[in-house]
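Chain letters run A, B, ... following the sequence lines, proteins first, then strands; residues in each count from 1.
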There are 2 protein chains.
Amino acid sequence: MDGHARRIPDATVARLPEYLRILIELAEQRIGTVSSERLAELAGVNAAKVRKDLSYLGTYGTRGVGYDVDYLLFQMRQALGVTRDCPVVVVGAGNLGRALANYAGFSDRGFPLAAVVDADEAKVGTNVGDVTVRPMSDLAELVRANQPVIGVIATPGPVAQLVADQLVAAGVTAILNFAPALVSVPPNISLRKVDLALELQILSFYQSHRESGSASRGWT
Amino acid sequence: MDGHARRIPDATVARLPEYLRILIELAEQRIGTVSSERLAELAGVNAAKVRKDLSYLGTYGTRGVGYDVDYLLFQMRQALGVTRDCPVVVVGAGNLGRALANYAGFSDRGFPLAAVVDADEAKVGTNVGDVTVRPMSDLAELVRANQPVIGVIATPGPVAQLVADQLVAAGVTAILNFAPALVSVPPNISLRKVDLALELQILSFYQSHRESGSASRGWT
DNA sequence: CCGAGCTTGTGCACAAAGTCACAAGCATGT
DNA sequence: ACATGCTTGTGACTTTGTGCACAAGCTCGG
Ligand SMILES: NC(=O)c1ccc[n+]([C@@H]2O[C@H](COP(=O)([O-])OP(=O)(O)OC[C@H]3O[C@@H](n4cnc5c(N)ncnc54)[C@H](O)[C@@H]3O)[C@@H](O)[C@H]2O)c1
Ligand SMILES: NC(=O)c1ccc[n+]([C@@H]2O[C@H](COP(=O)([O-])OP(=O)(O)OC[C@H]3O[C@@H](n4cnc5c(N)ncnc54)[C@H](O)[C@@H]3O)[C@@H](O)[C@H]2O)c1
């Protein structure tokens, strides 16, 4: 379609959603154009980096003016593949699973909650957020009915690999893992992990070695 | 004490807590020594990287044998600054704040919950986990009584900067931000953010551009 | 139509991170 | 004592990411 399709570096991919969030805010404020300078300020990064990042998507800016917010927004959604909503299935209806299920921010950002499943019979049938907890045996069907789906692991660490295998078998193509355990998936499945205790330990490190680590951003 | 104190790269710092978690598991299994090869396998990274990472802490391995688990564990805790527990104060007693407060994994890993505070009068006085929600006006005193403290922002995005400022004013030296907003802090304060919707969008990208992104790990 | 004033897009030089390959060094058995 | 086998620690190289600086290019006013 475009013809140039150059590969986007991982570091850039990791920043695109941040730009996306900012663009959405700008669009809500009826701001029509934005410069790389301003975007950089809002995202807490270098302006040159913003321009380089955006240039991987295509040449969408106008020299002397900046970027058209709505157009860039459209192109960014296209690039990120968030043009259509992508439902999410949460596995584990514990503390975290329930908080996630109650979280409106997911639907708002294009990731509606499709279902919550749990292995515990006592939790199946209870309500969390807008949905009813379903048994693990429903997983394959739920995934098939909603494809493509992102699977979220919110179970204890020791069963994380097992759950991941079940998600993959059910046909999920991307997994977000909150359990503090390594999980392996086939190479065609995307996997990311979020480990909160790990974040605290990184903070702890920079706190005890008091010199500006990579963690802190500019102070205005 | 040691004399050589070379600067540890950020990328290494981000991996150390993962090694720490694995070492704790190994110690629990009464495993006395571990090779870089095995550690790498458990952490899902390259063995040479493990060795280089560990070499920043000091020369604690034994050639032909590997690393003594207990000794390395001790040194790693030392390096990460997690030798003493570091209490955590959560701001915002909503879905996420309550899930965090109920989460045993924090105390287990050296980050006991000191308090939960909230600006909403209706929530002050309610119980979450083992603690009672306190008003914002108690923040400074709570921080003073527990120092050093890590502050966790679990409030809506629009007030995140305000809350961060209050945390800094109260004397917190490290902040973990869950709100989807940029917050600025003075350079001597450590700051990290966790944005779940952002993670989902990154997954979405790699899902729509189906080639192995940086996200997936090996499949055994 | 032209010049002034911005802002983009990118070449380039540098910094950081990752990988390989291997010498150095320890333990064990003979 | 010494050869053997294994694993560490690290120098050299590759890949990836960052930031500067500036030419190219757009808009607008006169
Ligand atoms: N609660 C938090 O704030 C928090 C924070 C950081 C990380 N985490 C991590 O998130 C995970 C969940 O935490 P939590 O506090 O919600 O735990 P939890 O114990 O409250 O909930 C775990 C849920 O998983 C279910 N489960 C157990 N085995 C299962 C299986 N094989 N298949 C499907 N479901 C299964 C349980 O029935 C339970 O409902 C843990 O790994 C934890 O370390 C939680
Ligand atoms: N719930 C989730 O699973 C989840 C997931 C990802 C991100 N988040 C983010 O975490 C944050 C909290 O989410 P939530 O679902 O718990 O929201 P929530 O609305 O349930 O809770 C927010 C809490 O913050 C309190 N608060 C509001 N203003 C405050 C102020 N100025 N000072 C102190 N407290 C204040 C409110 O009283 C409320 O109790 C949001 O930014 C959200 O985007 C939540």
Check: Given D:dT8, is OP1 or OP2 found less than 4.0 Å from the side-chain N or O atoms of B:S36?
Finding: yes

Atom OH of A:Y71 and atom C1' of C:dT8 are separated, to the nearest Å, by 15 Å

From CG of B:D10 across to C1' of C:dA17 the rounded distance in Å is 11 Å

What residues 61-69 of chain A contributes to the DNA chain D interface at heavy-atom separation below 4.0 Å is A:T62, A:R63, A:G64, A:V65

Rounded to whole Å, the CG-P distance (A:L72 to C:dT7) equals 16 Å

note: A:R38, atom CZ; C:dC6, atom C1'; distance rounded to Å ~ 17 Å

By nearest-heavy-atom nucleotide on DNA chain D, the more 5' of B:S35 and A:D53 is B:S35

* According to a strict under-4.0 Å criterion, is B:N46 in side-chain N/O contact with OP1 or OP2 of C:dA17? -> no

Heavy-atom closest pair (A:L80 atom, B:S208 atom, distance to 0.1 Å) is O-OG, 3.8 Å

In whole angstroms, the gap separating P of C:dG9 from OH of A:Y60 amounts to 11 Å

- Taking only Lys NZ, Arg NE, NH1 and NH2, and the carboxylate oxygens of Asp or Glu, determine whether A:D195 and B:R109 approach each other closer than 4.0 Å. yes

Determine whether more than 12 heavy atoms belonging to other residues, nucleotides or ligands lie under 6.0 Å from atom CD of A:Q147.
yes

note: A:Q75, atom CD; C:dG9, atom P; distance rounded to Å ~ 12 Å

Practice item. Any chance you could lay out the ring pair (Phe, Tyr, Trp, His ring centres under 6.0 Å) test for B:Y60 and B:Y71, step after step, and finish with the verdict? Key: CA-CA 8 Å; B:Y60 302 133; B:Y71 186 53; 5.4 Å; yes

- Query: Would you call A:E18 and A:R15 a salt bridge, taking side-chain N to carboxylate O under 4.0 Å as the test?
  - Reply: no

**Asked** Any idea how B:F106 and B:Y103 line up, ring-wise: parallel (<30°), tilted (30 to 60°), or perpendicular (>60°)?
**Response** perpendicular

Separation of D:dG19 atom P from A:E37 atom CD, nearest Å, is 13 Å

With the side chain defined as heavy atoms from C-beta on, B:A11 is closest, among C:dT7, D:dG17, C:dG18, to C:dG18

Taken to the nearest whole Å, CD1/B:I8 to P/C:dA16 is 15 Å

### Phosphate-side-chain proximity, A:R51 and D:dA21, N/O vs OP1/OP2 below 4.0 Å
no

Given C:dT19, is OP1 or OP2 found less than 4.0 Å from the side-chain N or O atoms of B:K49?
yes

- Item | A:R51 bridged to A:E37 by N-O distance under 4.0 Å | no

**Asked** With no angle test and no hydrogens, is the base of D:dG17 tied to the side chain of A:K52 by a donor-acceptor pair under 3.5 Å?
**Response** no

